[in-house]
**Student:** 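Starting off with a structure, shown below.
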2 protein chains.
Amino acid sequence: MRNRSVTYSAEQTFSALADPTRRAVLDLLRHGRQPAGQIAQAFPVSRPAISKHLRLLRRAHLVEERREGRHRFYQLNPEPLKAVDSWLEEYRVFWRANLARLKAFVEAEHEKESAESKGKVHTS
Amino acid sequence: MRNRSVTYSAEQTFSALADPTRRAVLDLLRHGRQPAGQIAQAFPVSRPAISKHLRLLRRAHLVEERREGRHRFYQLNPEPLKAVDSWLEEYRVFWRANLARLKAFVEAEHEKESAESKGKVHTS
DNA sequence: ATAATGCGTAACTATACGGTTACATGAAGT
DNA sequence: ACTTCATGTAACCGTATAGTTACGCATTAT
C-alpha cells in the first residue's frame, strides 16, 4: 500500500492534460505500460518531442517511469485525475441543476398542453 | 431551451483550467454572475490581466458575456466541464479498480487474521 | 458638451511550450 | 573494445501566455 500522500498541483495536472498528444499518451497507457520508444512510434512527431511530453507527464505525476535494462517503461498513474474529479464535484451541481430545470420545463410544457387540450388554463 | 449543440475543444478547456486565477474566477462565478470590474477586484493582478483571462474563458466557452449598459456581466457556463467529466469517465475505472483491489486486500487481511486467531488458515 | 465610469485592446517583456536536429549516455550484443 | 539500441538532453526557433502600463471607446452622469 503506497503510503506517501503526495499533493498534486492542479496547475500541472491541467496543463499536462491540455495537450492532445499527452492525452493520447495517457489513453494509450490505459491499455498497459509501454516503453518510451513504443509510445513514440504511435505518434507522428519525433521521438524527442514525445520524450518531452513524457517529462511533463512525469512532472504532473500522471505517469510513472520504471527502468528495466535499457528500456524505460511508462505506466499510468490515475491519482492526479482523482483530484481533477473532485475539483469537478463543485460544478456538477450546475448541470444537474440544469437537468432538473429542463425536466421541470418539459413537465410544465406537458402540463400546459394537456390543460389546453381540456380547454382549461392552469396558472399557479 | 438552448439548441445549438456546440462542440467544446478539450484543448481549450483544459488550458483554460490550467491557470489558478482562471479557476478562481470560475469559483467566484459559481456564486452568481458578476461584472468584469468586480471580478478583477477580487484578485491581486491588474484589471487588464483579468480582462485577458476572461477572454480565454470566453474562448473556451466556460463563461458567457452579457452586456448591460456599460457593464459586462460574466456568467459561468458549465457545459465544457461536462465534457471534462465524461473524458474522465474512461479513467475512473482505474481508481475504482484500485479501491476494489484495496478493499479485497483489506478483507483478505481481515480474513487471514481471523483465520489465524482460530489457528486455521483459509486458502481459496 | 464634458467628465467620469467600465472595460477591452495595443504594445512590450519575460517565460514556457512544442517541435526540430544534433549530441550524450548507458545497457546489450558481437 | 566496438557497435547498436533505447532514450534523454541541449540548442535553437516560433508561438502562446501572464503580466505590466498606456490608450481607446462606449455608456452614463453633470
Side-chain angles (χ1 to χ4, degrees), chain A residues 8-29 32-77 80 84, chain B residues 8-29 32-77 80 84:
Chain A
Y8 301 107
S9 144
E11 185 161 359
Q12 283 187 338
T13 307
F14 279 119
S15 38
L17 294 178
D19 186 89
T21 303
R22 284 193 292 267
R23 283 198 309 280
V25 169
L26 295 182
D27 278 349
L28 208 118
L29 293 180
R33 62 175 213 161
Q34 283 195 35
Q38 211 163 326
I39 296 172
Q41 283 181 5
F43 296 92
V45 297
S46 71
R47 202 189 41 70
I50 296 297
S51 193
K52 296 211 291 186
H53 283 305
L54 289 172
R55 176 160 56 188
L56 292 206
L57 287 171
R58 245 184 288 135
R59 213 176 55 189
H61 302 280
L62 282 162
V63 300
E64 279 163 8
E65 185 206 55
R66 233 180 126 161
R67 310 188 180 188
E68 275 177 38
R70 52 184 167 178
H71 293 264
R72 298 194 184 190
F73 283 91
Y74 282 91
Q75 181 174 9
L76 180 65
N77 176 28
V84 170
Chain B
Y8 301 107
S9 143
E11 185 160 0
Q12 284 187 339
T13 307
F14 279 120
S15 39
L17 295 178
D19 187 89
T21 303
R22 284 194 291 266
R23 283 198 308 280
V25 168
L26 294 181
D27 279 347
L28 207 118
L29 293 180
R33 61 176 213 161
Q34 283 195 36
Q38 210 163 327
I39 295 172
Q41 283 181 5
F43 296 92
V45 296
S46 71
R47 200 187 43 69
I50 296 296
S51 193
K52 298 211 290 186
H53 282 305
L54 289 172
R55 176 160 56 186
L56 292 206
L57 287 171
R58 246 183 289 135
R59 213 176 56 189
H61 302 280
L62 281 162
V63 300
E64 280 163 7
E65 185 207 55
R66 232 180 126 160
R67 308 189 181 187
E68 275 177 36
R70 54 183 167 179
H71 293 265
R72 298 194 184 190
F73 284 91
Y74 282 90
Q75 182 175 7
L76 179 64
N77 176 28
V84 171

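Each chain gets a letter, A, B and so on, in the order its sequence line appears, and its residues count up from 1. Keep in mind it's a predicted model, so treat the numbers as computed, not measured.
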**Student:** So B:A36, base contact, sugar-phosphate only, or nothing? Heavy-atom distance under 4.0 Å.
**Tutor:**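 Since only primed, P, OP1 and OP2 atoms lie under 4.0 Å of B:A36, the category is sugar-phosphate.
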**Student:** Between A:A18 and B:L54, just flag the one whose closest nucleotide in DNA chain C comes earlier from the 5' side.
**Tutor:**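 Final value for this comparison: B:L54.
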**Student:** Is the distance from OP1 or OP2 of C:dG6 to the nearest side-chain N or O of B:Y74 less than 4.0 Å?
**Tutor:**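 The answer is no; no side-chain N or O of B:Y74 sits under 4.0 Å from OP1 or OP2.
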**Student:** Just by distance, do the side chain of A:R23 and the backbone of A:L17 share a donor-acceptor pair under 3.5 Å?
**Tutor:**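 Flag set: sc A:R23 to bb A:L17 pair under 3.5 Å.
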**Student:** Looking at OG1 of B:T21 and CG of B:L28, how far apart are the two atoms once the value is rounded to the nearest 0.5 Å?
**Tutor:**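 It is 12.0 Å, given to the nearest 0.5 Å.
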**Student:** Can you tell me the distance, in whole Å, between the CZ atom of A:R72 and the C1' atom of C:dA27?
**Tutor:**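 Roughly 11 Å, once rounded to whole Å.
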**Student:** Out of D:dC5, C:dG8, C:dG6, which has the shortest distance to the side chain of B:R70?
**Tutor:**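 The closest nucleotide is C:dG6.
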**Student:** Distance check: side-chain N/O of A:H71 vs OP1/OP2 of D:dT7, anything under 4.0 Å?
**Tutor:**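 Checking D:dT7 against A:H71, a side-chain N or O does come within under 4.0 Å of OP1 or OP2.
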**Student:** Categorize B:P35 for me: base, sugar-phosphate, or nothing, with a 4.0 angstrom heavy-atom threshold over every strand shown.
**Tutor:**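 Touches sugar-phosphate only.
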**Student:** Regarding A:F73, tell me which of base, sugar-phosphate or nothing describes its non-hydrogen contacts under 4.0 Å with the strands shown.
**Tutor:**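 Answer is nothing: A:F73 stays at 4.0 Å or more from every strand.
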**Student:** Respond yes when some side-chain nitrogen or oxygen of B:S46 is under 4.0 Å from OP1 or OP2 of D:dT20, and no when none is.
**Tutor:**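 Result: yes.
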**Student:** What is the distance, rounded to the nearest whole Å, between atom NZ of B:K52 and atom P of D:dT20?
**Tutor:**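 That distance rounds to 10 Å.
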**Student:** Rounded off to whole Å, could you give me the CZ-to-P distance for the A:R67 and C:dA27 pair?
**Tutor:**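 Roughly 9 Å, once rounded to whole Å.
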**Student:** Please pick, from D:dT20, D:dG8, C:dG8, the nucleotide with the shortest atom-to-atom distance to any side-chain atom of B:V45.
**Tutor:**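 My answer, after comparing the listed nucleotides, is D:dT20.
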**Student:** Between atom CZ in A:F43 and atom C1' in D:dT7, what is the gap in whole Å?
**Tutor:**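 Atom-to-atom, A:F43 to D:dT7, this comes out as 17 Å.
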**Student:** When you check the phosphate oxygens OP1 and OP2 of D:dA18, does a side-chain N or O of B:R22 lie under 4.0 Å from one of them?
**Tutor:**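 Answer is yes, contact under 4.0 Å.
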**Student:** Within the structure shown, what part of the strands sits under 4.0 Å from A:R66 by heavy-atom distance: base, sugar-phosphate, or nothing?
**Tutor:**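 Answer is nothing: A:R66 stays at 4.0 Å or more from every strand.
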**Student:** Side chains of A:L56 and A:L62, heavy atoms from C-beta outward: is any pair under 4.5 Å?
**Tutor:**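 Not in contact.
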**Student:** Any chance you could measure A:E64, atom CD, to A:N77, atom CG, to the nearest 0.5 Å?
**Tutor:**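 Interatomic distance, A:E64 CD to A:N77 CG, rounded to 0.5 Å: 4.5 Å.
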**Student:** Whole Å only: how far is the CD atom of B:Q41 from the C1' atom of C:dT5?
**Tutor:**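 After rounding, the gap between these two atoms is 12 Å.
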**Student:** Nearest nucleotide by nearest heavy atom, which residue falls closer to the 5' end of DNA chain C, B:Q38 or A:D19?
**Tutor:**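 Final value for this comparison: B:Q38.
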**Student:** Report which part of the nucleic acid A:R55 touches: base, sugar-phosphate, or nothing (heavy-atom distance under 4.0 Å, all strands).
**Tutor:**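 Result for A:R55 = sugar-phosphate.
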**Student:** Could you state the NE2-C1' distance from B:H53 to C:dT9, rounded to the nearest angstrom?
**Tutor:**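 Answer to the nearest Å: 16 Å.
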**Student:** A:S51 has a side chain; which of C:dG8, D:dA6, D:dT9 sits nearest to it?
**Tutor:**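 Closest nucleotide to the A:S51 side chain: D:dT9.
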**Student:** NZ/A:K52 to CG/A:L54 distance, rounded to the nearest 0.5 angstrom?
**Tutor:**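 Output value for this atom pair is 12.5 Å.
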**Student:** Nearest whole angstrom, please: distance from the C1' of D:dT17 to the CG of B:L17.
**Tutor:**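 Taking CG of B:L17 and C1' of D:dT17, I get 15 Å after rounding.
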**Student:** Is a side-chain N or O of B:R22 found less than 3.5 angstrom from the main chain of B:A16, in a donor-acceptor match?
**Tutor:**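 Answer holds: yes.
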**Student:** Figure out the CZ/C1' separation between B:R47 and C:dA10, and round it to whole Å.
**Tutor:**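 Distance, rounded to whole Å: 13 Å.
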